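The next block holds one structure in the form of structure tokens; read it before the comments.
Residue numbers start from 1 in every chain, and the chains themselves are labelled A, B, ... in the order their sequence lines are given, proteins ahead of strands. The structure presented is a predicted model; accordingly, all values stated were derived computationally and were not measured.
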Number of protein chains: 2
Amino acid sequence: MLPSSTVENYLKAIYLGEGYLAEGQRLMPMGQLAAALGVAPGTATTMVKALAESGLVEYEPYNGVRLSAAGEKLAALVLRRHRLIELFLVRVMGLGWDEVHDEAEQLEHHVSDRLIERIDEMLGRPEVDPHGDPIPGADGRVARHESDTLLTCPLGERVTVTRVTDQEAPFLRFIEQHHLMPGESIEVEARDEVSDSVRLKGRGNQRMTIGMRAASKVRVSASDASSRG
Amino acid sequence: MLPSSTVENYLKAIYLGEGYLAEGQRLMPMGQLAAALGVAPGTATTMVKALAESGLVEYEPYNGVRLSAAGEKLAALVLRRHRLIELFLVRVMGLGWDEVHDEAEQLEHHVSDRLIERIDEMLGRPEVDPHGDPIPGADGRVARHESDTLLTCPLGERVTVTRVTDQEAPFLRFIEQHHLMPGESIEVEARDEVSDSVRLKGRGNQRMTIGMRAASKVRVSASDASSRG
DNA sequence: GACCAAATTTTGAATGTCCAAAATTAAAGC
DNA sequence: GCTTTAATTTTGGACATTCAAAATTTGGTC
Ligand SMILES: [Mn+2]
Ligand SMILES: [Mn+2]
Ligand SMILES: [Mn+2]
Ligand SMILES: [Mn+2]
């Protein structure tokens, strides 16, 4: 029995449920899962019990849910399809990076392995999608490397945007318009808790100030002198 | 309520149910519909009653089913997506014409209008798919022109293959290997009822003999002297 | 230790899709 | 006109997914 779209969406939501890093101890609360999927809490409970039956998750009543090894692999493969499709839509089909997420959300469940392999090949085995999110390999493995956000990176140093962790179209358009897309080199000049804002020096030393909530969604890494001029 | 994949498949099956040409009188028998969709007869009956409820088909118990105007338009749009996707997979993704049907069978239900428009544009508003099947317009209209098959075309005259009306991969591979794909110029030398076979002169005047059943699946039109050298 | 609020689970029910097997109808032959 | 047969519909039930509302559990708070 191959998994339905619904099952794939549940697994993906659990996989993406916050950090979920190293230690396999963290449980995703049912309420958070239900919210992520836009279903009633009771629906999530019923579904998760079924997923536990089929060995895709471990479920601790009143506590939360966690992916099993099998579930994690499946989730990673769905994510792989999602991100390859996004990149394909941007690079080959010429769609905007702000309009590919919804399309990929559907297609991720319906493209064959054959076609995904072809897409992967055509794109040159890419490692990240248009938003900088890493693309899991065909084996389900992901290269997770730590990175700062605009809230945590050092002040006064050039950094390179690596990832934008919010798929909302208006936010993505904002990022694009202000030249904060992955690959751009920028610098955090100052942060101010009181005004809840971060001041940036962007492309062409253009100054801009954004809120901390927005700043937390832009990930960066130290601008290695060797990369870019 | 946008139609489910199931509904779209039912409408498409009825649309494709044999000739279905001009006069809107023909009804598709329920048994044939059930067989086309691979479901039990009772399932088709139940479903068709629901489709009649929503005004997509007209249903005459014990007699059969026919598309309403609304149903026909919807079916044509599904077919449009199907055929554009097939052509896209062949031309852009480099898949074989024998392996795109199944993929399109899924994707036809899940690509957005936006993406289909982009595909149509990228392909230069094509009129036929890789098998020579006409692609309905965005308004649902199809250019239906009459054509012969290898069983009905004149003997001893050059004709051009326009269409292959069987999606089975082995058959398509046979056609490809024998250079009988759409665009090829060939000639029917003889037909023999007793041996149930048709003798052809193909590319490079290569002779071959195929069965009448197979011959009926290859459509041709008179080789206009102006087309091809 | 009783009590409250929030999170979670349970219950009862709906929808869409499907099947197998029984019942019915239509068509054809005699 | 009856009978046989093939096609079709009905019946009863399954499964996946969903919801709203009621019941329960949990983690604090006094
Ligand atoms: Mn999805
Ligand atoms: Mn992405
Ligand atoms: Mn289909
Ligand atoms: Mn085709």
Side-chain angles (χ1 to χ4, degrees), chain A residues 1-14 17-18 25-68 70-71 74-75 78 105-106 108-110, chain B residues 1-15 17-18 25-67 70-71 74-75 78 105-106 108-110:
Chain A
M1 342 273 95
L2 83 173
S4 66
S5 306
T6 302
V7 166
E8 291 188 342
N9 283 333
Y10 272 81
L11 296 178
K12 190 156 65 91
I14 299 168
E18 53 113 19
Q25 307 311 12
R26 258 197 285 312
L27 288 173
M28 185 172 195
M30 300 306 283
Q32 193 174 314
L33 178 58
L37 291 163
V39 298
T43 303
T45 299
T46 307
M47 197 65 202
V48 162
K49 284 202 277 196
L51 293 177
E53 270 312 298
S54 34
L56 293 170
V57 304
E58 286 156 36
Y59 170 50
E60 296 180 13
Y62 291 103
N63 232 346
V65 64
R66 158 182 45 239
L67 293 176
S68 70
L74 241 167
V78 177
E105 200 59 53
Q106 292 310 121
E108 65 187 357
H109 312 293
H110 304 286
Chain B
M1 343 275 99
L2 83 175
S4 67
S5 307
T6 303
V7 166
E8 291 188 342
N9 283 334
Y10 271 81
L11 296 178
K12 190 156 64 93
I14 299 168
Y15 187 99
E18 54 116 18
Q25 307 312 9
R26 257 197 286 313
L27 289 174
M28 185 173 195
M30 300 305 285
Q32 192 174 314
L33 178 58
L37 291 163
V39 298
T43 303
T45 299
T46 307
M47 197 66 202
V48 162
K49 285 202 280 195
L51 293 176
E53 270 311 299
S54 34
L56 293 169
V57 304
E58 286 157 36
Y59 170 50
E60 295 181 14
Y62 291 103
N63 233 347
V65 64
R66 157 184 44 239
L67 294 177
L74 241 166
V78 177
E105 201 58 54
Q106 292 309 122
E108 65 187 358
H109 312 293
H110 304 287

Can you measure [X] atom [atom1] to [N] atom [atom2] for me and round it to whole angstrom units?
X: B:Lys49; N: C:dG16; atom1: NZ; atom2: P; value: 15 Å
X: B:Glu60; N: D:dT8; atom1: CD; atom2: C1'; value: 14 Å
X: B:Leu33; N: C:dT17; atom1: CG; atom2: C1'; value: 14 Å
X: A:Leu51; N: D:dT18; atom1: CG; atom2: P; value: 11 Å
X: A:Leu37; N: D:dC19; atom1: CG; atom2: C1'; value: 15 Å
X: A:Gln32; N: C:dA7; atom1: CD; atom2: P; value: 11 Å
X: A:His109; N: D:dA16; atom1: NE2; atom2: P; value: 18 Å
X: B:Met1; N: D:dT18; atom1: CE; atom2: C1'; value: 15 Å

Taking only side-chain nitrogens and oxygens of [X], does any of them come within less than 4.0 Å of OP1 or OP2 of [N]?
X: A:Tyr10; N: D:dT18; answer: yes
X: A:Ser4; N: D:dT17; answer: yes
X: B:Thr45; N: D:dT8; answer: no

- Which residue, A:Val39 or A:Asn63, contacts DNA chain D at a nucleotide closer to its 5' end, judged by nearest heavy atom?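 By nearest-heavy-atom nucleotide position, the 5'-most residue is A:Val39.
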Considering only [options], which nucleotide approaches the side chain of [X] most closely?
X: A:Met47; options: C:dT9, D:dT9, D:dT17; answer: D:dT17
X: A:Thr46; options: C:dT24, D:dT18, C:dT8; answer: D:dT18
X: A:Thr6; options: D:dT18, D:dT8, C:dT9; answer: D:dT18
X: A:Thr43; options: C:dT17, D:dC19, D:dT17; answer: D:dC19
X: A:Pro61; options: C:dT9, D:dT18, C:dT24; answer: C:dT9

What are the two closest non-hydrogen atoms of [X] and [Y], and how far apart are they?
X: A:Glu8; Y: A:Glu108; result: OE1-O, 4.2 Å
X: A:Ala13; Y: A:Leu33; result: CB-CD1, 3.8 Å
X: A:Pro3; Y: A:Leu74; result: CG-CD2, 3.8 Å

- Task: Measure from the side-chain N and O atoms of A:Ser68 to the backbone N and O of A:Gly55, and report whether any donor-acceptor pair falls under 3.5 Å.
- Result: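 Answer holds: yes.
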- Separation between CZ of B:Arg66 and CD1 of B:Ile14, rounded to the nearest 0.5 Å: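 These two atoms lie 11.0 Å from each other.
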- Message: By the 4.0 Å heavy-atom rule, please label A:Gly42 as base, sugar-phosphate, or nothing.
- Response: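 It contacts base atoms.
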